[in-house]
Each structure stands twice: as structure tokens, then as C-alpha cells.
Amino acid sequence: MNKKGDQRRMNPQLNKGILEMILLLQLQKSDNYAYILSKKAAESLGVTEGAVYPVLKRLEKKNLVSTYDIPHGKRVRKNYHLLDSGEDYLTALLEQWKKINQAIQNNIKENFNEN
């Protein structure tokens, strides 16, 4: 990939943390299954759908989300549910995000003399 293409892609480390927050925000609205969660995350962040599954597994391992099965035709869908601990974690992430965002905005204003 050329340099210009590399610059447009989001930093993978930054993406990782933001992806976790976006998935938790989606689950705060309603339970959902991995395919839908990954599709929405891929659309909003530009990550591959395959990048979402390990994050969901990690959130489950940290006891922030739980799963349950729902029959769907001949298949079973694994639905994800945000636990109270996940809600608390999301609140903390959002507070951190606000502080980071404010720091970035302040630096932009300082360095580019914006009002």
C-alpha cells in the first residue's frame, strides 16, 4: 500500500480501544449477535468484520458481556448482552475518552490558533 493509503487508515492500536468502546455502546442499546455487531463496527470504523470477534471474546473473558443462544432456523445465534460490570467499564471508558478528546482539542487550538 502506498504512503497516502497508509495515512488514511486508522492506527490499529487506537482502533482496538475505540472498537471495544463502540461494541459496548452498541450493546448498551440492545443485545445483538456477533455478525450484526461486527457489521456495524466495520461500517463505522472501517475495520474488517473479522477484527471484531476477538474483541467480543476478550470482553466476554473480562466478564463485561455475557452470551446466550437464540435458535434461528436450523442454526443457533450467539447473542451478546452487556453486563452491569460492562456498563461500569463503558462509563469509565467514556470519561477517559472525554478527557483525551478535550486534550486533543486543546492542543489543536494551541498549535493552530483556532478559537
Side-chain angles (χ1 to χ4, degrees):
M1 186 177 280
N2 63 29
K3 269 190 166 185
K4 199 171 199 172
D6 288 341
Q7 292 171 350
R8 285 190 295 235
R9 288 183 58 223
M10 194 175 232
N11 178 305
Q13 289 302 316
L14 184 59
N15 240 358
K16 190 176 176 183
I18 292 172
L19 179 56
E20 192 173 81
M21 188 168 45
I22 284 178
L23 290 170
L24 293 171
L25 284 165
Q26 287 179 19
L27 289 170
Q28 189 179 42
K29 287 183 193 176
S30 66
D31 294 0
N32 223 323
Y33 62 103
Y35 175 75
I36 295 296
L37 292 168
S38 65
K39 193 150 183 67
K40 287 180 181 179
E43 289 170 4
S44 61
L45 282 180
V47 297
T48 63
E49 291 176 20
V52 173
Y53 293 95
V55 176
L56 286 170
K57 282 285 186 200
R58 189 170 59 251
L59 292 171
E60 186 178 8
K61 199 171 200 174
K62 291 166 124 180
N63 292 317
L64 301 174
V65 301
S66 63
T67 61
Y68 59 94
D69 293 337
I70 293 182
H72 181 76
K74 293 182 179 183
R75 303 181 80 187
V76 175
R77 286 185 176 162
K78 184 178 187 176
N79 259 33
Y80 287 83
H81 171 77
L82 182 64
L83 297 172
D84 289 342
S85 56
E87 191 80 49
D88 294 341
Y89 182 70
L90 177 59
T91 299
L93 282 178
L94 291 171
E95 284 302 314
Q96 289 174 356
W97 177 255
K98 287 177 191 175
K99 288 177 184 176
I100 291 167
N101 189 43
Q102 188 61 54
I104 291 169
Q105 292 301 319
N106 290 342
N107 276 284
I108 289 171
K109 285 178 185 177
E110 265 181 40
N111 292 313
F112 297 102
N113 297 321
E114 293 182 4
N115 293 325

Legend entry - Trace of the side chain to side chain contact (heavy atoms under 4.5 Å, CB included) decision for Gln102 with Asn106: CA-CA 6 Å; Gln102 188 61 54; Asn106 290 342; 2.9 Å; yes
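- Summarising the hydrophobic clusters (Ile, Leu, Val, Met, Phe, Trp, Tyr; side-chain heavy atoms under 4.5 Å, direct or chained), the residues clustered with Ile70 are Tyr68.
- Under the 4.5 Å side-chain criterion, counting only non-hydrogen atoms from C-beta, Glu20 is in contact with Leu59.
- Taking all atoms of both residues into account, the shortest heavy-atom contact from Leu37 to Gln26 is CD2-OE1, 3.0 Å.
- Of the possible donor and acceptor atoms, one in the side chain of Ser85 sits under 3.5 Å from a partner among the backbone N and O of Asn63.
- What you find for Tyr80 and Val65 is that their closest heavy atoms are CD2-CG2, 3.9 Å.
- The shortest heavy-atom contact between Val47 and Ala51 is CB-CB, 4.4 Å.
- From Ile18, atom CD1 reaches atom CG of Leu25 across 11.5 Å, with rounding to the nearest 0.5 Å.
- Sequence neighbours left out, the pairs with a member in residues 72-90 that pass salt bridge (charged side-chain N to carboxylate O under 4.0 Å, His left out) are Glu60-Lys78.
- No more than 12 heavy atoms of other residues, nucleotides or ligands lie within 6.0 Å of NZ in Lys57, so this atom counts as exposed by the packing criterion.
- With hydrogens and angles ignored, the 3.5 Å screen pairs a side-chain donor or acceptor of Asn111 with a backbone N or O of Asn107.
- Put simply, the side chain of Leu45 reaches to within 4.5 Å of the side chain of Ile22, judged on heavy atoms.
- Residues Leu64 and Leu82 come closest through the heavy atom pair O-CD1, 3.7 Å.
- Here the straight-line distance linking atom CD1 of Ile108 with atom CD of Glu110 works out to 11.0 Å at 0.5 Å rounding.
- Through chains of ILVMFWY side-chain contacts below 4.5 Å, Ile36 is grouped with Tyr33, Tyr35, Tyr53.
- In this structure, Glu43 does not pair ionically with Lys40, as no charged nitrogen and carboxylate oxygen lie closer than 4.0 Å.
- Between Leu24 atom CG and Leu83 atom CG the span is 10.0 Å, to the nearest 0.5 Å.
- The CD1 atom of Ile100 lies 11.5 Å from the CD atom of Glu95; values are rounded to the nearest 0.5 Å.
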